[in-house]
Protein chains: 2
Amino acid sequence: MTAPSTKASPPAARRRRKNNPESVRADILAVATREFSEKGLSGARIDEIAEKTRASKRMIYYYFNDKETLYLHTLEAAYQKVRLQEAELDLDHLAPLEALSRLVRFTFCHHAKNPDFIRLVMIENIHHGRFLAQSELIQSLNAGVIDVLTNVYSRGVEEGCFREGLDPRELHWLISALSFFNVSNQHTFSRIFDWHQAAPENQQKLEDHVTDMVMRYVRPN
Amino acid sequence: MTAPSTKASPPAARRRRKNNPESVRADILAVATREFSEKGLSGARIDEIAEKTRASKRMIYYYFNDKETLYLHTLEAAYQKVRLQEAELDLDHLAPLEALSRLVRFTFCHHAKNPDFIRLVMIENIHHGRFLAQSELIQSLNAGVIDVLTNVYSRGVEEGCFREGLDPRELHWLISALSFFNVSNQHTFSRIFDWHQAAPENQQKLEDHVTDMVMRYVRPN
DNA sequence: TCAACAATGTACGAAATGGTACGTTCAGTC
DNA sequence: GACTGAACGTACCATTTCGTACATTGTTGA
């Protein structure tokens with residue numbers, strides 16, 4: 001029975017319940033991201049997400065209608081975050097060689113630093129991309145990535161430091177593949193070949209190899 | 001009440017129940033492979049596996065103790081199958097360039113033709129490779145892969161058609177990454193970039209690019 | 001000030017799900 | 001042919017898990 005201090009005026013110390021929809025929603029989404037990325041759509045438990053949230057299970061169903069919708073929002077939020085980070089990359093003022101090399105290293109490091117995102121994409125692929133297909137948001141977000149590469153690549157071809165005839169989309173595919181695999185298959189690869197792939201020195205080596213590989217692939221002759 | 005014909009002698013037409021342990025076990029494993037690779041460890045349902053089997057749920061628990069053990073056996077069987085197919089590859093009598101190129105194409109095609117295996121590895125990575133770690137069988141199976149590559153690579157270096165200083169294990173990593181990603185991320189990549197990656201002509205293009213990329217990576221200078 | 005709607009807590013329900021108890025049939029041996 | 005252990009079927013149980021009904025509290029605008 002803590003007396004509510006001066007009923008409605010200041011956002012004072014303790015109130016019985018402070019409504020804060022946006023924060024609750026964000027909190028749920030953050031917890032859901034961890035849970036889904038860790039255990040997958042079917043492995044994650046709504047009750048467990050609820051427990052780890054400041055809110056209650058009721059709130060999950062209040063803001064997101066059901067488990068699958070929550071998962072979809074999680075996926076969308078993850079893609080949005082990625083695009084925001086990518087947008088910071090400014091390659092237009094760099095020479096093509098330098099720009100491409102930086103893009104590759106950025107992608108590699110970015111994936112390595114965001115395993116949650118990678119895992120969500122893995123999980124989404126296990127589900128045949130069925131949720132991603134429902135999301136117009138994600139579709140629209142990803143147009144720009146290819147544009148950046150197209151720009152860099154065509155500049156490079158003009159200047160003669162890249163060979164002709166490559167498709168920017170396929171180039172993006174190659175860069176993605178190497179950067180993605182580094183995170184997605186780290187556990188099995190490390191265990192099978194008894195090689196601590198996550199160790200900083202090995203990560204550095206892989207980053208160099210991946211960059212080197214792409215650069216060798218695009219250079220003339 | 002079909003009268004059992006001449007009680008015990010010939011393996012005649014219809015009997016009430018024909019005990020066939022090995023076949024039942026194999027059947028369960030085959031169904032489990034499909035279910036686990038399709039829906040993951042937590043997504044697959046024992047009841048559903050049982051339904052799709054000629055046997056009953058009781059038999060699953062009879063031969064495999066619980067869900068996780070069944071999953072582990074599924075994983076082991078998948079790895080075994082892969083190694084058997086790889087063993088058919090005979091590269092020792094080929095020139096290094098030809099041998100490496102063939103190895104890359106083989107890996108790429110093999111992965112493409114065995115999405116179940118790829119998906120199981122994805123799922124295993126979602127579980128941090130925790131089951132693979134329990135299996136001495138899988139650990140032992142995978143030693144040979146690197147040996148083959150080491151052989152080809154060192155021959156190539158001697159003959160001067162490969163550059164020095166590369167680590168066969170890292171080379172294997174690169175080949176795996178490109179071949180694996182082609183299957184594992186097909187759904188999200190196709191959907192995001194509105195590109196039918198699974199189409200034969202695109203698969204052919206990717207196979208060529210991947211091979212090309214590896215060959216350019218190892219060649220001298 | 002007070003109605004009206006938004007936000008939240010509590011308790012519960014129904015179905016799904018992993019696993020088991022218990023009984024029956026098969027197949028080889030003495 | 002009786003006996004024994006392996007192979008198998010049926011029915012069931014205990015828990016988990018998604019989701020909801022219902023009551024309550026906060027907030028905002030007229």
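Here the structure is a predicted model, which is why all the values come from computation and not from measurement. Naming convention: chains lettered A, B, ... in sequence-line order (proteins, then strands); numbering from 1 in each chain.
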A:Glu22 has an atom CD; how far is it from atom C1' of C:dT8, in whole Å?
17 Å
From CD of A:Glu48 over to P of D:dT17, roughly how many Å is that when rounded to an integer?
8 Å
C:dT8 phosphate, OP1 or OP2, under 4.0 Å from A:Ser56 side-chain N/O:
no
Relative to each other, are the rings of A:Phe189 and A:Phe193 parallel, tilted or perpendicular (30° and 60° limits)?
tilted
For B:Ser179 and B:Thr107 the tightest heavy-atom approach is OG-CG2, 3.7 Å
Per-nucleotide protein contact along nucleotides 15-21 of chain C, 5' to 3', at a 4.0 Å heavy-atom cut-off (B base, S sugar-phosphate only, - neither), is --SBBBB
Rounded interatomic separation in angstrom, taking CE from B:Met59 and P from C:dT24:
16 Å
Only distances under 3.5 Å count here; give the side-chain donor-acceptor pairs of residues 71-79 of chain A to other protein atoms, sequence neighbours excluded, each with its distance to 0.1 Å.
| residue | atom | partner | partner atom | Å |
| --- | --- | --- | --- | --- |
| A:Tyr71 | OH | A:Glu124 | OE1 | 2.7 |
| A:Thr74 | OG1 | A:Leu70 | O | 2.9 |
| A:Glu76 | OE2 | A:Ser135 | OG | 2.6 |

Nearest whole angstrom, please: distance from the P of D:dA6 to the CZ of B:Arg25.
16 Å
Rounded distance (Å) that lies between atom P of D:dG19 and atom OH of A:Tyr63
19 Å
A:Asp27 and A:Thr53 side chains, donor-acceptor separation under 3.5 Å
no
Less than 4.0 angstrom from a charged side-chain N to a carboxylate O is my criterion; do B:Arg105 and B:Glu207 meet it?
yes
Would you mind reading off the distance between B:Tyr62 atom OH and C:dC26 atom C1', rounded to a whole angstrom?
11 Å
Separation of D:dG9 C1' from B:Arg54 CZ (nearest whole Å):
16 Å
With a 4.0 Å cut-off on N to O distance, would you call A:Lys39 and A:Glu35 a salt bridge?
yes
